[in-house]
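In what follows, a structure is listed as structure tokens, so that the remarks can point back to it.
Computed from a predicted model, the values in this text were never measured in an experiment. Every number for a ligand or one of its atoms is a count from 1 in the order of the listing. Just so it is clear, the values below take in all heavy atoms, side chains as well, and ignore hydrogens, waters and symmetry mates.
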Amino acid sequence: MRKKQFKAESKKLLDMMINSIYTHKEIFLRELISNASDAIDKLYYRSLSDDTVGLSREDYKIHLSVDKDKRLITISDNGCGMTAEELENNLGTIARSGSLNFKKENEEADDVDIIGQFGVGFYSAFMVSDEVSVTSKAFGQDKAYRWISAGADGYTLEECEKDSHGTVIELHIKPDTDEEKYSEFLDSYRISALVKKYSDYIRYPITMEMETSRKKEGTEDEYETVLEERTLNSMVPLWKKSKSEIKPEEYNAFYKEKFMDYEDPARVIHTKTEGQATYDALLFIPKHAPFDYYTKEYEKGLQLYSNGVLIMDKCADLLPDYYSFVKGLVDSADLSLNISREMLQHDYQLKLISKNIEKKITKELSAMLKNEREAYEEFYKVFGVQLKYGMYANYGANKDTLKDLLLFHSSKEQKYVTLKEYTERMPEGQKSIYYASGETLAKIDLLPQVEAVKDKGYEVLYLTDNVDEFALQMLMNYNEKNFLNVLSDNLDLDTEEEKDSLNKLNEDSDALLKAMKEAIGESVHSVRFTNKLKNHPVCLSSGGAISLEMEKVLNTMPGAGGVKAEVVLEINADHPIAEKLKELFVSDKEKLANYAKILYAEARLIGGMSIENPTELSSLVTDLML
Ligand code: ADP
């Protein structure tokens, strides 16, 4: 029989595909099962209006079998089948949809979804087979045909015998190579696992003969291995059932099995949405972060199904980064099965769905915060940092979504507080939202400036995460109240009179303060008196937009070295040291210089910073002791 050639473009593409570096060879099974399911769908829909079909829903099935010795996998369906012409047209032409430029473009990528990109699902069979035969009898036809191909060099088509309508696809599995163990696909357990993974929710039963061990009849403890036909797929996806039918345990078990967690999820969100975008979504908020969550190996994303068939395991576009901890899946009939990653990015439906999903998650978290504070705080301890990153990512584009989900430790009762709660309980006269940054809550609590603000009866937010202050800066204000670092030099706690007298003191002491600044050097921007300190002699504050804490964080980042806060050394005007300094300015300028250095070092220590020149400091202090 004469061998027919594939159409020229098809041959080229097929060649490339077979030899491509496509990593997920296992998806051939998903593709062939989906085709079988589509073929049954076609006949099933026809049966709804055509009595001659004479089949009921239960009669349809997809059957798999594996023959290890002959290296054969067989996939049969009793769907609509194909005529000779259809076999030729459907299987003789590939790349219906596409240009062939993909190879050049994607040479670098090692996981290119070529299959999906070109709608060449059937041809994925050649990734694992050295020969494929398709025997098919179209419904209502007398004759059956067999199409056979060993790959890119063409195919044959001949008439054959087949009892009933439908299609039988036989894959002859390639021999193993050093890189590729094709024999794994001849293991019926591997095949059944692949069905579970990719095709669990195909609406028709997918059956296979599986070996099981059974007690031999008439014996006590002798077992024999027998073949038993099993249905491999569960057919009804959990998310397709109505919410009222599903017990919490079912959601939990599903989550744990599918997303490999040992703990129940903290929250389940199950939605069915119809309208502009029609989809079902089943989302889970885990109780704990996966071990790799805060590494760059972690991949966010939701599983994406098209009508019950898995088309992508981690669709990143469905989740914003700040909700990257959410697990789950989306099933939409609006998406085509043969859609590639690149195309998905531009898919309008997908964008709508992802916007919707973001809103659902925000709503769920807000409700949790409102109604189940304790549970929310637990959640926040685990994933709060992610929300804070979200505040300043993309130049703050999402800050309005996120600002009311943030919690901060507060000086009041050392509990978590939201910005809303903080501003609502601000006493009259308080103009700003005060915050202080530090390594630990205890250290922040000891800061002299914190004491000053607390003494006024104001609450202070205690920021212990590096990202905290950046998040607040991005927000700029909340409820028209600005944020103010207690270390900033314009704390604005004084009355007008207090301000006036302090200004006068600073003006009068100008020469003294300049002399002190001179002694300390470049490390400080200026020195001045303050009346915000109660017991402490000194503190540091910062004048510009960069706080001392931000300076610390920024300088740990690569490429950001040299960022400087404008440091001000403040001296408690009511402390005896103030008088001493004035005295020394008149009597002993050298001693004044040494005192200035010591006070600056003290202020650094109190502020949780290290001392710039410890040897100098210790000799200065020792001199004082002698
Ligand atoms: P796609 O499924 O994206 O159309 P495929 O290459 O997987 O691309 O299949 C090509 C066509 O071959 C299908 O559209 C269908 O018409 C036909 N086909 C494939 N498998 C079967 C089958 N088991 N039964 C009937 N027709 C099939």
Residue that, paired with Lys25, satisfies side chain to side chain contact (heavy atoms under 4.5 Å, CB included) out of Glu184, Lys174, Glu180
Glu180

Phe122: numbered ligand 1 atoms lying under 4.0 Å from its heavy atoms
5 (P), 6 (O), 7 (O)

What do the steps show when you test Asp176 against Arg71 for salt bridge (charged side-chain N to carboxylate O under 4.0 Å, His left out), and what is the final call?
CA-CA 11 Å; Asp176 289 349; Arg71 294 187 76 79; 3.7 Å; yes

Any N or O on Asp77 sitting closer than 3.5 Å to an N or O of ligand 1?
yes

Verdict with supporting geometry, Glu26 and Arg190, side chain to side chain contact (heavy atoms under 4.5 Å, CB included):
CA-CA 10 Å; Glu26 63 187 32; Arg190 174 86 170 110; 3.0 Å; yes

The one among Gly166, Ala39, Ser124 that brings a heavy atom closest to atom 25 (C) of ligand 1:
Ala39

Give the numbers and elements of all ligand 1 atoms closer than 4.0 Å to a heavy atom of Met82.
17 (C), 18 (N), 21 (C), 25 (C), 26 (N), 27 (C)

Mind running ring-ring contact (aromatic ring centres under 6.0 Å, His included) on Phe379 and Phe325 for me, showing each step along the way?
CA-CA 11 Å; Phe379 153 79; Phe325 49 83; 5.5 Å; yes

To the closest 0.5 Å, what do you measure between CG (Leu232) and OG (Ser199)?
9.5 Å

Against heavy atoms of Lys42, which atoms of ligand 1 measure under 4.0 Å?
16 (O)

Does ligand 1 have an atom that lies less than 4.0 angstrom from a heavy atom of Glu31?
no

Ligand 1 to Thr167, heavy atom cutoff 4.0 Å, flagged ligand atoms 22 (C), 23 (N), 24 (N), 25 (C)

I'd like to know if the side chain of Ser76 and the backbone of Thr167 have a donor-acceptor N/O pair within less than 3.5 Å.
no

For atom 2 (O) of ligand 1, which candidate among Ile40, Val168, Asn35 provides the closest heavy atom?
Asn35

